[in-house]
Amino acid sequence: MKYKEYKELDYARIAADMLAFWKEGKVFEQSVSGREGSPTFTFYEGPPSANGTPGIHHVMARTIKDIFCRYKTLKGYQVKRKGGWDTHGLPIELQVEKELGITKEDIGRKISIEDYNQKCREAVMKFTDQWNDLTEKMGYWVDLENPYVTYQTEYIETLWYLLRRLYDKGLLYKGYTIQPYSPGAGTGLSSHELNQPGTYKDVKDTSVVAQFKVKRNEKSEKLFSSAGNGQPATDNDLYFLAWTTTPWTLPANSALTVGKNIRYARVRSFNPYTFQSGDFILAKDLVSRYFSPKGAEVPPESFKPGDKVIPWRMVGEYKGADLEGVEYDQLLPYVKPARPAFRVITGDFVTTEDGTGIVHTSPTFGADDFRVARQHDIPAILVTDENGREVPIVDRQGRFVKEITDFAGMYVKNYDGQDESAPDYRTTDVKIAIKLKEENKAFRVEKYEHTYPHCWRTDKPVLYYPMESWFIRTTALKDRLVELNKTINWKPESTGTGRFGNWLENLVDWNLSRSRFWGTPLPVWRTEDGTREICIGSLAELNEKLMQAVSNGKGVLSEDQLRKNNGMLLKISQGQADLHRPYVDDIFLLSADGRPMFREPDLIDVWFDSGAMPYAQWHYPFENKDIFSKSFPADFISEGVDQTRGWFFTLHAIAGLLFDEVAFKNVVSTGLVLDKNGEKMSKRKGNVINPFEALAKYGPDATRWYMVVNAPPWDNLRFNPEGITEVQRKFFGTLFNTWQFYALYANLDSFRVDKKDPVPVQDRPELDRWIISVLQTLIGEVDGYYADYEPTRATRAIQYFVTEQLSNWYVRLSRRRFWKGSLTEDKKAAYQTLHQCLLTVAQLMSPVAPFFGEWLYRNLAGGSSEATASPSVHLTDWIPSDGLLVDKALEERMDLAQRYSSLVHSLRKKHNIRVRQPLSRILIPVLQEEEKHKIAGVEGLILSEVNIKQVEYIDDTSGLLVKKIKPNFKKLGRQYGPRMKEVAALITALSQDEIRTLEKSGSFGVSLAGESLMLTADDVEITSEDIPGWIVASEDGLTVALDVTISDELRKEGIARDIVNRVQNMRKDMGLEVQDKIRIDVQISDELVNAALEANREYICTETQALELNMHQSLENGQAVDLEDFVLSMKIQSVSV
RNA sequence: GGGCUUGUAGCUCAGGUGGUCAGAGCGCUACACUGAUAAUGUAGAGGUCCGUGGUUCGAGUCCACGCAGGCCCA
């Protein structure tokens, strides 16, 4: 049985062949089932949405996932990985709307919810074939046979169970959030609706800079006792200036927000309407916008009411943080809040681009306001309606409530169709502004043009208005979530501590509600007045409540309602319940006090769907409790960094809230895949890389390897196809050639690796023991990198080993051992060593390059199992690093050999002497005996590599060496600190004699500015850098001198080598096989050449597989061969043996 | 505007705890080497290590402030 040899490296072919092998042998299934009973390593697949086609970045993300699952499998773990599909959500709905040519309004009218949801269900799995194809072609191993699907009833039942648990813990509640709202249409607007073209319009609004009068108390005393800047205290009233383009929200003001790091100025001046004096606080950068330069020059004493130029002086300066907590008087005191309000808080959304750098904050009418108020425990300004409910001061029609006496019943914007061109028309904003002016509460009132969103149906301005919503009270367990996060190993760490950690620190409650159709319905039923409600946690419970409703509901529920309830009961009994809308909307339950309850119409955020996958994928707790307990939490997950606030968060939140656990222990967040210029891929730019084309063109292994080796996965990847071809050439090409080399000669020798009869490692030559030692080191490194989720380091280490150490050093220097003679022990050792290296590389690389690793592994097995226990590399056990085979001293020696060889090469180059020309000797200065021993150990390798006859070592006694001395900065720096420069100068100036004295006695006294210092041997580094009279190369403390005299004999040998080279080329041109024998005929010409031929006949023949070499006076049909200085007529013929 | 992140040769990237190291590969040029080689060796050109300050005897490395790109928010 022979090893397979290949004509060329065909990546696509390798992938296709290995894929077929995996399929046929069910290798993936075996890699999981074969580890039954082993410790588990749990991976969670973040479900992709199959309503779009996969992109190249999915190859990146899935490569990372695959790497660690495969690695852990090799390490003996059972790694189950269930695939999944994310099937709910807005993108799918929008896609279906587009397909059907309808809008949200039409759902339930032109098309029934039932039909619509059916369309969504079909649309969402539209591209599953493409996804499955990509998964397979890129070699991503994940269970596609039994995926979880978020729309399935079992999945939803688990979601309901989880929601019920949250509900029971008091973590699910109905509250409100600020959303765009159209009073004209009486409905909230989604962000999608706001993004319709034409909704944002330029409008002129009345803007007001209002004066908020600071309360003098212990919190503000510092502002009164001194104005800052050393200016005296004042009797002036002190005001914050805050700007708004929605003056109608001012009666709802309950706080002022400043930026923590923004600088604020205190300006002493006068109100431009009332001319009352005052001190005004606003952002320093914006002072010039409100106070004219002229005013700074006018003396304040001379100011009279009515003067055009208003004098001002800056009298103080504060940081935003200094102002935090200062209280002020309510601006428009119509409604008193329930809890303390009216103080300065800090928020990160404050800018100094507009306004005053101080933001008027009304929690009922701004999303930022709402959030920041909640964080600082600022209450909203609310009134109680006739039903006893707390409502904002503007009703749902857009009118002020009666409590806002001066403006009661007025529309805050023109929602009642008033004629705006009428001469006496005043907007409510203007009326408010007038009142403020009169009361010395407005500092500036002006028209302000800006863009503002409008309702696409009514064309009227949108209000930001509190809308009812269901929330998960994530803030209740914020501290715990923060704590738990600290136990998670984030790659990179900054995403965990920074991006995710900060996000957790500033957590707000999770708004769960979505007013859509295709998603998981909220399982909450309520009485009409909201006083009774129930949260359903399972189908069984739903069944029970339905039965109660049916049996007790006569007279309370209508005939139709009862009929629908019975319909659902029937479905449940048949196991065909669909928990989507509209079916759940047709369920009517009874409260404990006998009143009907209706389902809350909301759907839940799809992120809850995916965040609940650890439980729902197993239909926990209704089934698979044991499987769940073994696979929670995940050991490892990986997704794009953009998922930080998406899936990473929802996984973490649900696990933390309900199970007081992390959902994952290790997480790799991957960066983006950009084009080669660092720009985002987009269809518009036409720079999108099609993943199928890339895989077909470059093969999955090279693509995967490139993505990992190029940069750490969390950095953005600039996807450059040239990078892949480089990886192909450099890494895969070299590895392929190494395999070809092995296969070629092993086949010639009919060599097979016999596990039972290896040449003991200690009996193998130095070169073999070296590469084996390096290999062990590599295994340890790669193991550590994989374990540490550092795939880039792993691939770089493997690549360095393969190209530099194995191919470019070991194989290159070992070639002769493979070429010649019979199968000696030395040759066997060489084969076994190379085989072992390749086999190990196949395993080490297999997580990243699963096809090529498999291909190499199977080639090495030679189609039989003689050397390998398993049919697939992916079913093997990790071969651990064997510390006993590591020989650090040997590795060090080899390093010396490589560096000396490189130096000699550079000398040859410098003096234009070809490597084929042998030279007699090199000199190597050695200052220590130990050094000499090290080099002597690899002397032979150096000599053959650089074609030199011998090494001579010269030591101190030769008197030939010129030494160089360098201060040891690290050591001396600590000792001498500021005087380091002088000390360094002193050391560098030491003479050769002084250096010698220092070396001999181990110490040397010098004097620095009259003070005597004692230098010791380890204060300095002494190297030898020159040998006068020789040509010398020196680098990193190594020095070598080359004897360039070429004797006749050397010259002849050089010619002989040239001839060998030419003959080899001719053989190659003739298409001879390596083992074919030849005869050489040469025409006698130059005397020196003849002598060279005669003297090296034996050598030439062996090298070229020539049986005879004949010299002729004349030669017919000779080929003119160009040697360096001669032309030789020569002929070679194949000879059959 | 905020959080995180990146910035080192034409390109892709290395450069623990600050020390005399400004590096590798690719690309370019020249020469060499090659019976595994789309490989390799040697040399050359190419860098105010994004900028400005600061700490220090000493900063690519630490600190501050900027600038530019990216992501996520607002």
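Order of the sequence lines fixes the chain letters, A, B, ..., with proteins taken first and strands second; residue numbering starts at 1 for each chain. Worth knowing before you read on, the calculation uses all heavy atoms, side chains too, and leaves out hydrogens, waters and symmetry mates. As the structure is a computational prediction, the values presented were derived from the model and not from experiment.
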Across all strands shown, which nucleotide pairs with [N] by Watson-Crick or G-U wobble geometry, both distances under 3.5 Å?
N: rU42(B); value: rA30(B)
N: rG25(B); value: rC11(B)
N: rG60(B); value: none
N: rA68(B); value: rU6(B)
N: rU20(B); value: none
N: rC49(B); value: none

Would you say the ring centroid of [X] lies under 6.0 angstrom from that of [Y]?
X: Tyr6(A); Y: Trp855(A); value: yes
X: Trp503(A); Y: Phe648(A); value: no
X: Tyr3(A); Y: Tyr742(A); value: yes
X: Phe741(A); Y: Phe818(A); value: yes

Work out how far the [atom1] atom of [N] is from that of [M], and round it to whole angstrom.
N: rU34(B); M: rA9(B); atom1: P; result: 36 Å
N: rG2(B); M: rA59(B); atom1: C1'; result: 30 Å
N: rC26(B); M: rG16(B); atom1: C1'; result: 27 Å
N: rG58(B); M: rU20(B); atom1: P; result: 14 Å
N: rC31(B); M: rU8(B); atom1: C1'; result: 30 Å
N: rG47(B); M: rC11(B); atom1: C1'; result: 14 Å
N: rC62(B); M: rC4(B); atom1: P; result: 16 Å
N: rG25(B); M: rG15(B); atom1: C1'; result: 15 Å

[options]: which one has an atom nearest the side-chain heavy atoms of [X]?
X: Arg499(A); options: rG3(B), rG19(B), rA36(B); answer: rG3(B)
X: Glu726(A); options: rG25(B), rC71(B), rG70(B); answer: rG25(B)
X: Phe969(A); options: rC4(B), rG19(B), rA74(B); answer: rG19(B)

Value in whole Å for how far the [atom2] atom of [N] lies from [atom1] of [X]:
X: Phe648(A); N: rC72(B); atom1: CZ; atom2: C1'; answer: 13 Å
X: Glu790(A); N: rA14(B); atom1: CD; atom2: P; answer: 11 Å
X: Leu717(A); N: rG70(B); atom1: CG; atom2: P; answer: 16 Å
X: Trp705(A); N: rU12(B); atom1: CH2; atom2: C1'; answer: 17 Å
X: Ile942(A); N: rG41(B); atom1: CD1; atom2: C1'; answer: 16 Å
X: Ile724(A); N: rG27(B); atom1: CD1; atom2: P; answer: 16 Å
X: Tyr785(A); N: rA14(B); atom1: OH; atom2: P; answer: 13 Å
X: Arg899(A); N: rA24(B); atom1: CZ; atom2: P; answer: 14 Å

**Item:** By ring-ring contact (aromatic ring centres under 6.0 Å, His included) - contacts of Tyr810(A) (at least two apart)
**Value:** none

Scan nucleotides 37-39 of chain B against the protein and return all N/O pairs shorter than 3.5 Å with their distances rounded to 0.1 Å.
residue	atom	partner	partner atom	Å
rA39(B)	OP1	Arg729(A)	NE	3.4

Could you give the side-chain donor-acceptor pairs of residues 706-715 of chain A under 3.5 Å, partners two or more places apart or in another chain?
residue	atom	partner	partner atom	Å
Tyr706(A)	OH	Arg718(A)	O	2.9
Tyr706(A)	OH	Asn720(A)	N	3.0

**Prompt:** Are Lys491(A) and Glu790(A) ion-paired here, with the side-chain N under 4.0 Å from a carboxylate O?
**Reply:**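 Yes, this pair counts.
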
**Message:** When you compare the side chain of Met894(A) with that of Trp809(A), does any pair of heavy atoms fall below 4.5 Å?
**Reply:**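 A side-chain contact exists here, since the closest heavy-atom pair is under 4.5 Å.
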
**Request:** Check whether any side-chain heavy atom of Phe852(A) sits under 4.5 Å from a side-chain heavy atom of Leu735(A), and report yes or no.
**Result:**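 Yes. Closest side-chain heavy atoms under 4.5 Å.
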
**Request:** Mind jotting down which residue pairs meet the side chain to side chain donor-acceptor pair (under 3.5 Å) criterion with at least one end in residues 727-738 of chain A? Sequence neighbours excluded, please.
**Result:** none

**Asked** Given that Arg793(A) and Gln740(A) both sit by RNA chain B, which one's nearest nucleotide is further toward the 5' end?
**Response**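 The residue closer to the strand's 5' end, by nearest nucleotide, is Arg793(A).
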
**Message:** Taking any heavy-atom pair under 4.0 Å as a contact, classify Val350(A): base, sugar-phosphate, or nothing.
**Reply:**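 Result for Val350(A) = sugar-phosphate.
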
Can you see if the side chain of [X] gets near the phosphate of [N] - specifically, an N or O under 4.0 Å from OP1 or OP2?
X: Asn1061(A); N: rU34(B); result: yes
X: Asn710(A); N: rC13(B); result: yes
X: Tyr745(A); N: rA36(B); result: yes

**Prompt:** Residues in side chain to side chain contact (heavy atoms under 4.5 Å, CB included) with Asn502(A), at least two apart?
**Reply:** none

**Message:** If I take atom CD1 from residue Ile1132(A) and atom CD1 from residue Ile1078(A), how far apart are they, to the nearest 0.5 angstrom?
**Reply:**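 Nearest 0.5 Å value for the CD1-CD1 distance: 4.5 Å.
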
**Complete:** 5' to 3', nucleotides 5-11 of chain B under a 4.0 Å protein heavy-atom cut-off (B base, S sugar-phosphate only, - none) gives S------

